[in-house]
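Notes for the one structure printed next.
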Amino acid sequence: MNKLTILERIHKYASQNGDRTAVFNPCENPSGMTYKELYCRAVKLAEYLNNTVNDTNPIVVYGHKNPYSIVSFLACVLSGHSYCPVDVSVPDSRIDMILDQTQSGIVLATEEFYSDKTGVLDLKQIVEICSCAAETVKPIPKESISGDQTFYIIFTSGSTGNPKGVEITSNNLNNFLSWSSTLGDEKPYDPDTVFLNQAPFSFDLSVMDLYTSLYCGSRLCMMEKKVQADLGAITPFLRENKISAFVSTPSFANMCLVDKNFNSETLPELTRFFFCGETLENKTASKLIKRFPTAVIQNTYGPTESTVAVSSVRITEEIIERYDPLPVGYPKENTDFIISEPVNNIEFENGHKTGEILITGDTLAKGYFGRKDLTDKAFVLYDCGTDKVRAYRTGDLGYLDKGQLFYKGRIDLQIKLNGYRIEIGDIESSILKNEIVSACAVIPRINSGKVKSLAGVVVLTDVNIEKSAAEEKIISELKKLVPPYMIPQNYIFLNVIPMTDNGKVDRKKLISIIEEN
Ligand code: AMP
């Protein structure tokens, strides 16, 4: 069983346990889709794609939390195409950039799509094509994605305002799943396990719940944005849907913890928590352990470029007492961490050599789609003395203590806000596109080591523009270019951006200006 790939497993469940639920969105249709329906519909849609799409370019799958999005992902790979998930929160102009890069011959859209310049298959058409899916479970099509072929491409924030697409192969994904499916291993996942799908599919954290669930024959429960935004609705949602494996960012757990009913008495089924994507603070972990004393809480670490996560550690009371910050864990099998040369003069932390974290192993992405320049910079051949190994430069600072990794922040201007990965340069170049702006800088407001919000520092082309009108115009233009989580909430207007002696934006000075305001 261990050797079966994700597609082989889905095929097996569809053949042997076809009537088990694979995926459901309780807001739409509580009974969801069974493994047989999921697989047979995906094969049907794959046949359609084979007959209508003449290229092998990646296919953009646009939408939010619809089981037909999963049908679409699988249909792409079963027809020999990689797919690129794009959530509804991504603005149109950004989708244009993604389409320019992928040259998708068709877009599969489970929500209304803004443009028809690429052929679009909408939900109604997808459902119609799938409605005549065969009753028998056909074999996996021979043209399906396998081995070192790209399975999916996830676009992340790029520092110059153009998102970059991380190419994850079928082998990468299967290597990740053979590890993620054993995480928090006290009781194996089974058909009764209900995984929470909180992250949008364009964020690679969703791969942890979506594919681990399908790999183990479990059930995936999709939680829409509107439920996530309603504090009073989250705990009832978790209870009614018997969520047992909770995959999210620590920020989302913090939101849940605001509700005093978010505890093991109200949620007896909820016994496993998996965190990734940003720092799990001691405070959050400690509250969680008090509310769920017997639950398994797993802190995992990794970038999209190494298939979701590459290390993990179980967080216990003892670990919370002993470490602050918490460790991000031990590497998974076939993965190693290299701490490269010291950065920013920070050489030792508690006696440990601190430097940039490099990752090696069997889940390293192929690179950035169509961007050899960026790929060569980030994926390097690292000279270990005896050997040269392919390694990904994370841009994260950290150190190893007896084989366990500790994360100490970034060496560049990439940040995490509520779990979202953002390049500060991405926002700055988008603000600069505004005709009323002549210069700008974006400064993260940090509290207890965590980014809480963003502030925009702006120099206007015309000092006579009224400030509140300028702010309004900047925000409304920005909404067209970047997702909502990338829009700074506060703005300060200066006559000039302060510079350091070597001509860079003086970010330290800007932090103090913002603090004074
Ligand atoms: P993403 O590609 O969106 O998953 O973002 C990857 C980045 O998130 C990493 O390079 C880290 O900077 C950060 N990150 C991921 N996991 C953790 C963690 N457990 N603790 C702290 N930061 C993390």
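Any value given below was found using the heavy atoms of this structure, including those in side chains, with hydrogens, waters and symmetry copies removed. Start at 1 and go down the list; that is how both ligands and their atoms are numbered.
In L205, neither the side chain nor the backbone holds a heavy atom less than 4.0 Å from any atom of ligand 1. Under 4.0 Å from ligand 1, the heavy atoms of D396 that appear belong solely to its side chain. Within the 4.0 Å heavy-atom criterion, both parts of Y301, backbone and side chain, lie near ligand 1. Within the 4.0 Å heavy-atom criterion, both parts of T304, backbone and side chain, lie near ligand 1. Heavy atoms of L280 found under 4.0 angstrom from ligand 1: none, in either backbone or side chain.
Taking only nitrogen or oxygen atoms, main chain and side chain alike, T300 reaches within less than 3.5 Å of ligand 1. Considering backbone and side-chain atoms alike, R421 places an N or O below 3.5 Å from some N or O of ligand 1. Ligand 1 has a nitrogen or oxygen under 3.5 angstrom from a nitrogen or oxygen of E278.
No donor-acceptor pair closer than 3.5 Å links the side chain of T360 to the backbone N or O of R390. Between the side chain of E278 and the backbone N or O of S251, at least one donor-acceptor pair lies under 3.5 Å. A donor-acceptor pair under 3.5 Å links the side-chain atoms of N197 to the main chain of A199, judged by distance alone. Not a single donor-acceptor pair under 3.5 Å links the side chain of S213 to the backbone N or O of L210. The backbone N or O of I289 lies less than 3.5 Å from no partner atom in the side chain of E317, so there is not a single donor-acceptor pair.
Regarding atom 7 (C) of ligand 1, its nearest protein heavy-atom neighbour is K416 CE, 3.8 Å. The protein atom (non-hydrogen) at minimum distance from atom 13 (C) of ligand 1 is G277 O, 3.6 Å.
Considering only residues two or more places apart in sequence or on other chains, Y485 meets the side chain to side chain contact (heavy atoms under 4.5 Å, CB included) condition with Y420, I422, P483. When the side chain to side chain contact (heavy atoms under 4.5 Å, CB included) test is applied to E515, the partners found at least two apart in sequence or on another chain are I511.
Here Y211 and F176 keep their ring centres 6.0 angstrom or further from each other.
Judged purely by distance below 3.5 Å, without hydrogens or angles, the side chains of Y323 and D401 never pair a donor atom with an acceptor atom. A donor-acceptor contact under 3.5 angstrom links the side chains of S89 and D87, judged on distance only.
The distance from ligand 1 to the heavy atoms of R410 drops below 4.0 Å at these ligand atoms: 10 (O), 12 (O). Each of the atoms 4 (O) of ligand 1 lies under 4.0 Å from some heavy atom of D204. Within ligand 1, counting atoms from 1 as listed, the ones closer than 4.0 Å to a heavy atom of G302 are 4 (O), 6 (C), 15 (C), 16 (N). For ligand 1, the atoms closer than 4.0 angstrom to any heavy atom of V328 are 18 (C), 19 (N), 20 (N). Heavy-atom proximity to T279, at under 4.0 Å, picks out these atoms of ligand 1: 20 (N), 21 (C), 22 (N). Remark: ligand 1 atoms within the under-4.0 Å shell around heavy atoms of F203 are 3 (O). The contact set between ligand 1 and N299, taken as ligand atoms under 4.0 Å from a residue heavy atom, comprises 19 (N). Close approach to P303 involves these atoms of ligand 1, each under 4.0 Å from a residue heavy atom: 2 (O), 6 (C).
Using a cut-off of 4.0 Å between Lys/Arg side-chain N and Asp/Glu carboxylate O, K226 and E224 are scored as salt-bridged.
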